[in-house]
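See below for the structure under consideration.
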Amino acid sequence: MQKLIINGGRRLRGELSLQGSKNSALPIMAASLLCRGECTLHNCPKLTDVYSAARILNCVGCRCNFSGNTAVIDSSVISETVISESLMREMRSSIIFMGAMLGSTGECSVSVPGGCELGPRPIDMHLAALRKMGVDIRDGGGRIVCRTQSGSARGARISLSFPSVGATENIILCAVTAEGETVINNAAREPEICDLCGFLRACGADISGDGESRIVVKGKKRLHGCEYRIMPDRIAGATYLSMTAATRGEIILTNACVAEMEPFLSVLEQTGCSIYTRDDRIYLRSGSRLKAVRDRIRTMPHPGFPTDAQAVLMAALITAEGTSVFEENIFNCRYRHTDALVKMGADIQVLGKAAIIKGVPSLSGAAVEATDLRGGAAMAAAALSAEGMSEISRISHIDRGYEKIEEAVRKLGGDIVRI
Ligand code: EPU
């Protein structure tokens, strides 16, 4: 098992080009199943979750080759509709293959996905929506067997009780080749939904309203291959900005999605950092001790403050002057990283949905275990600002979402090695 060894206390300084988005790449890879032909995806991040998605594509008969940050997927032949339990357990996003397989072949057999580290993550909304689209779903003994009548789903009006990202993606993936029109009310508005729709439109799909809460999909018989560039990763961006802020450093982030990061940037700015943006660049300078954020930081669906950036911003705020309060509204169990931060000297009290962070003057290095993807990144951010050596184990969590995190941090002058 690999570890990250971080010798903290150095200010991060330099320029970094942002990786492609994990949460766009995964549904887009699934969406390539709908295209009869080759899809070329540029800016595809090299991540273990992306390789898990490639293994699922291989298992159903598609070819998926990587060259640098370009993935070429050929789904002209789909020879299998069963995805094994072990592949489904590798990541939560495996569930997105359900809608894509249904849209592509009209049937599939999957199992409950993995990725439970943020608390219970049911898929009831996914299943209810697909049933409304005429999909017969038998759910028992851990397997979920789905079949459409006459080979394709039918359009429907669907109102989600919560704007779930995954449910919105599954409905879109099933709807693009369904018979008739599908309307999704209270759809998720995350930028990665727009990226998925952008890809599908490039393949010939008829979708409108993405980025708003009412999405309309008109079913098409067939989609074709395309060449597409995956958007930058706004959460990796938030992570490297938080690391720089935590170490009172200076960074130019290039290849960034500035507008999509605004909900995060507007909160980070309240800590006293100077932030300037231009085209696809974000400049941040944090010369002195950060200030606490006065208003409660409430995680909300986009365009609210992103839950995925809660842990990394917290890592920067633990040494800020004053008290900051987070309110986690998306996941029930997304404060598991706080014990490790406390071990490094942070003063954090978790009370239900709230986490109260009383700023301390400094942290000290410690041996900690990554609890989940973003929690692990938060530990790395805290370790970079701490005095002395930290050791982070179980970094397979971090590798799910950050492309060579140690190389990115070293490029900014951080003292970090992987052993
Ligand atoms: N939910 C249900 N029933 C459902 C679906 C969701 O109760 O059928 C609940 C979940 O349990 C959760 C909330 O709704 O409490 C939000 O879940 P959502 O479906 O929106 O999240 P997701 O699709 O599972 C994606 C990202 C997450 C990100 C969330 C919220 C991907 C691959 N994952 O998950 O990313 O936190 O949206 O923005 O896109 C990460 O990158 O670290 C990560 C966890």
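In each ligand, atom 1 is the first atom listed, and ligand 1 is the first ligand listed.
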(message) Rounded at 0.5 Å granularity, tell me how far CD1 in I184 sits from CD1 in I172.
(response) 4.5 Å

(message) Within the 4.0 Å heavy-atom shell around F162, which atoms of ligand 1 are there?
(response) 13 (C), 14 (O), 16 (C)

(message) Could you identify the single nearest non-hydrogen protein atom to atom 34 (O) of ligand 1 and state the distance to 0.1 Å?
(response) R121 NH2, 3.5 Å

(message) Does ligand 1 come near enough to I330 that some N or O of the ligand is less than 3.5 Å from an N or O of the residue?
(response) yes

(request) Identify whether the distance between the nearest side-chain nitrogen and carboxylate oxygen of E327 and R296 falls below 4.0 Å. (result) yes

(request) Would you verify that at least one protein heavy atom lies under 4.0 Å from atom 9 (C) of ligand 1, or report that none does? (result) no

(request) Among all protein heavy atoms, pick the one closest to atom 30 (C) of ligand 1 and tell me residue, atom and distance. (result) T307 CG2, 3.9 Å

(message) Would H302 count as a contact residue for ligand 1, given that I'm defining contact as a non-hydrogen atom of the residue lying under 4.0 Å from a ligand atom?
(response) no

(message) Does the residue E192 have a heavy-atom contact with ligand 1, meaning some pair of atoms that are separated by less than 4.0 Å?
(response) no

(request) Classify the side-chain pair R334/T307 by whether it contains a donor and acceptor separated by less than 3.5 Å. (result) yes

(message) Between S52 and T48 (side chain of the first, backbone of the second, donor and acceptor by atom type, cut-off under 3.5 Å), is there such a pair?
(response) yes

(message) Parallel, tilted or perpendicular, judged at 30° and 60°: which one describes the rings of F264 and F305?
(response) tilted

(message) Among all protein heavy atoms in this structure, tell me which lies nearest to atom 32 (C) of ligand 1, with the distance rounded to 0.1 Å.
(response) S93 OG, 2.9 Å

(request) Tell me which protein heavy atom sits closest to atom 21 (O) of ligand 1, plus the residue, atom name and distance to 0.1 Å. (result) F331 CZ, 4.1 Å

(request) Ignoring hydrogens, just give me the one of D308, D124, L160 whose non-hydrogen atom is nearest atom 28 (C) of ligand 1. (result) D308

(request) Could you pull out all residues at least two apart from E107 that satisfy side-chain hydrogen bond (donor to acceptor under 3.5 Å, both in side chains)? (result) none

(request) Examine ligand 1 and decide if any of its atoms is less than 4.0 Å from a heavy atom belonging to L373. (result) yes

(request) Taking only heavy atoms of K22 into account, list the atoms of ligand 1 that are under 4.0 Å away from them. (result) 40 (C), 41 (O)

(message) In this structure, does ligand 1 have an atom that sits under 4.0 Å from one of the heavy atoms of A167?
(response) no

(request) Answer side chain, backbone, both or neither: which part of V165 comes under 4.0 Å from ligand 1, heavy atoms only. (result) both

(message) Against ligand 1, does R334 come closer than 4.0 Å with any heavy atom?
(response) yes

(message) For R374, which part has a heavy atom under 4.0 Å from ligand 1: side chain, backbone, both, or neither?
(response) side chain

(message) Using every non-hydrogen atom in the two residues, find where I215 and E212 come nearest and quote the distance to one decimal.
(response) CG1-O, 4.1 Å

(message) Would G166 count as being in polar contact with ligand 1, using the rule that some N or O on each side must be under 3.5 angstrom apart?
(response) yes

(request) Identify the protein heavy atom lying closest to atom 39 (O) of ligand 1, giving its residue, its atom name and the separation to 0.1 Å. (result) N23 CG, 3.2 Å

(request) Specify the protein heavy atom at minimum distance from atom 19 (O) of ligand 1: its residue, its atom name, and the distance to 0.1 Å. (result) S164 OG, 2.6 Å

(request) Report the nearest protein non-hydrogen atom to atom 1 (N) of ligand 1: residue, atom name, distance rounded to 0.1 Å. (result) M125 CE, 3.8 Å

(message) Any heavy atom of P122 closer to ligand 1 than 4.0 angstrom?
(response) yes

(request) Output yes when R55 and E90 qualify as a salt bridge under the 4.0 Å nitrogen-oxygen rule, no when they do not. (result) yes

(request) Flag the pair R13 and E250 as a salt bridge only when some basic side-chain nitrogen lies within less than 4.0 angstrom of an acidic carboxylate oxygen. (result) yes

